[in-house]
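Treat the numbers as computed from the prediction; the structure is a model and nothing was measured.
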Amino acid sequence: MRRWTLAMLPLLAIAAPIPAQAADVRDAAEALTDPVESDRMASTVTALVDALMRTNIGPLAEAIARVDPESDAAYIPPDATLGEVTGTDPDYGRRLGGDVRATSRMAGHLATAAAAYAPVLKEMARDMAAQWERERDAARR
């Protein structure tokens with residue numbers, strides 16, 4: 001009986017806020033499937049990754065080398081960038097931006113499906129909660 005109770009907890013947690021969540025999910029689905037928003041997110045990620053890879057890490061390497069002279073940081077040139085040290089492909093930011101676009105579209109499709117199934121899940125959770133209460137009452141007799 002205890003396993004049944006534990007199994008019901010997620011369903012009960014889902015059932016209570018579904019009406020509000022459904023609207024939020026629909027809004028999220030619209031934003032995630034909007035090509036303009038997807039391009040905006042992808043462009044932001046691309047720019048951030050590109051900037052990060054151009055970050056000069058020479059001063060950081062120098063500080064590490066002072067603390068630990070035998071570390072590999074001692075061999076990093078003072079003008080080295082993170083991209084140079086990690087050997088990152090120069091197109092990494094652009095490819096990651098493309099991945100963000102694809103992921104955004106897939107998340108949008110998932111959110112659309114979740115919004116469509118929300119009423120069914122809510123009803124199922126209510127039915128299971130009622131069944132759980134009947135089982136609990138029967139076990140107490």
Side-chain angles (χ1 to χ4, degrees), residues 1-140:
M1 184 56 104
R2 175 167 264 166
R3 279 188 229 150
W4 179 249
T5 304
L6 292 175
M8 287 301 301
L9 289 177
L11 291 172
L12 292 172
I14 290 170
I18 279 184
Q21 287 177 349
D24 293 342
V25 169
R26 281 190 294 273
D27 291 345
E30 285 180 27
L32 289 168
T33 56
D34 180 359
V36 173
E37 286 298 320
S38 182
D39 284 343
R40 194 173 293 147
M41 287 186 285
S43 296
T44 300
V45 168
T46 300
L48 288 170
V49 169
D50 287 346
L52 185 62
M53 292 299 122
R54 288 193 308 268
T55 300
N56 181 343
I57 61 163
L60 176 61
E62 182 184 340
I64 293 170
R66 274 192 241 138
V67 173
D68 182 5
E70 295 187 28
S71 75
D72 290 341
Y75 304 103
I76 296 176
D79 62 343
T81 65
L82 180 60
E84 293 167 344
V85 171
T86 60
T88 302
D89 177 355
D91 288 334
Y92 181 68
R94 184 185 55 76
R95 280 197 330 274
L96 191 58
D99 290 348
V100 166
R101 276 185 197 87
T103 302
S104 174
R105 285 191 301 271
M106 287 307 300
H109 297 311
L110 176 63
T112 300
Y117 286 114
V120 174
L121 292 172
K122 180 180 178 184
E123 190 60 34
M124 189 169 81
R126 282 184 183 154
D127 288 346
M128 292 184 83
Q131 184 179 354
W132 175 81
E133 287 190 23
R134 287 191 302 273
E135 292 292 333
R136 182 192 62 192
D137 292 345
R140 289 182 178 171

Checklist entry - Which is it for Asp79 and Glu84 under the side chain to side chain contact (heavy atoms under 4.5 Å, CB included) test, yes or no, and what are the steps along the way? => result CA-CA 10 Å; Asp79 62 343; Glu84 293 167 344; 5.7 Å; no
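For the residue pair Ala65 and Ser71, the shortest heavy atom distance occurs at CA-OG, 4.2 Å. Across all non-hydrogen atoms, the minimal contact from Arg54 to Thr81 is O-CG2, 3.6 Å. Contact between Pro119 and Ala115 at its shortest, heavy atoms only, is CD-O, 3.7 Å. In terms of heavy-atom proximity, Ala73 sits nearest to Ile64 at CB-CG2, 3.6 Å.
For residues 40-52, every residue pair satisfying the salt bridge (Lys or Arg N to Asp or Glu O under 4.0 Å) rule, not counting sequence neighbours, is listed here: Glu37-Arg40. Sorted by first then second residue, the salt bridge (Lys or Arg N to Asp or Glu O under 4.0 Å) pairs that include residues 98-120, not counting sequence neighbours, are Asp39-Arg101.
Considering only residues two or more places apart in sequence or on other chains, Leu82 meets the side chain to side chain contact (heavy atoms under 4.5 Å, CB included) condition with Leu52, Met53, Ile57, Thr86. Residues meeting the side chain to side chain contact (heavy atoms under 4.5 Å, CB included) test with Arg140, sequence neighbours left out: Arg136. Applying the side chain to side chain donor-acceptor pair (under 3.5 Å) test to Thr103 and every residue at least two apart in sequence or in another chain returns nothing.
Here the straight-line distance linking atom CD of Gln131 with atom CE of Met124 works out to 11.5 Å at 0.5 Å rounding. Annotation: the span from Thr112 atom OG1 to Glu30 atom CD amounts to 8.5 Å, rounded to 0.5 Å. Between Met106 atom CE and Leu32 atom CG the span is 11.5 Å, to the nearest 0.5 Å.
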Return a table of donor-acceptor pairs under 3.5 angstrom between the side chains of residues 89-98 and protein atoms on other chains or two or more places apart.
{"from": "Asp89", "atom 1": "OD1", "to": "Asp91", "atom 2": "N", "distance (Å)": "3.0"}
{"from": "Asp89", "atom 1": "OD2", "to": "Arg95", "atom 2": "NH1", "distance (Å)": "2.6"}

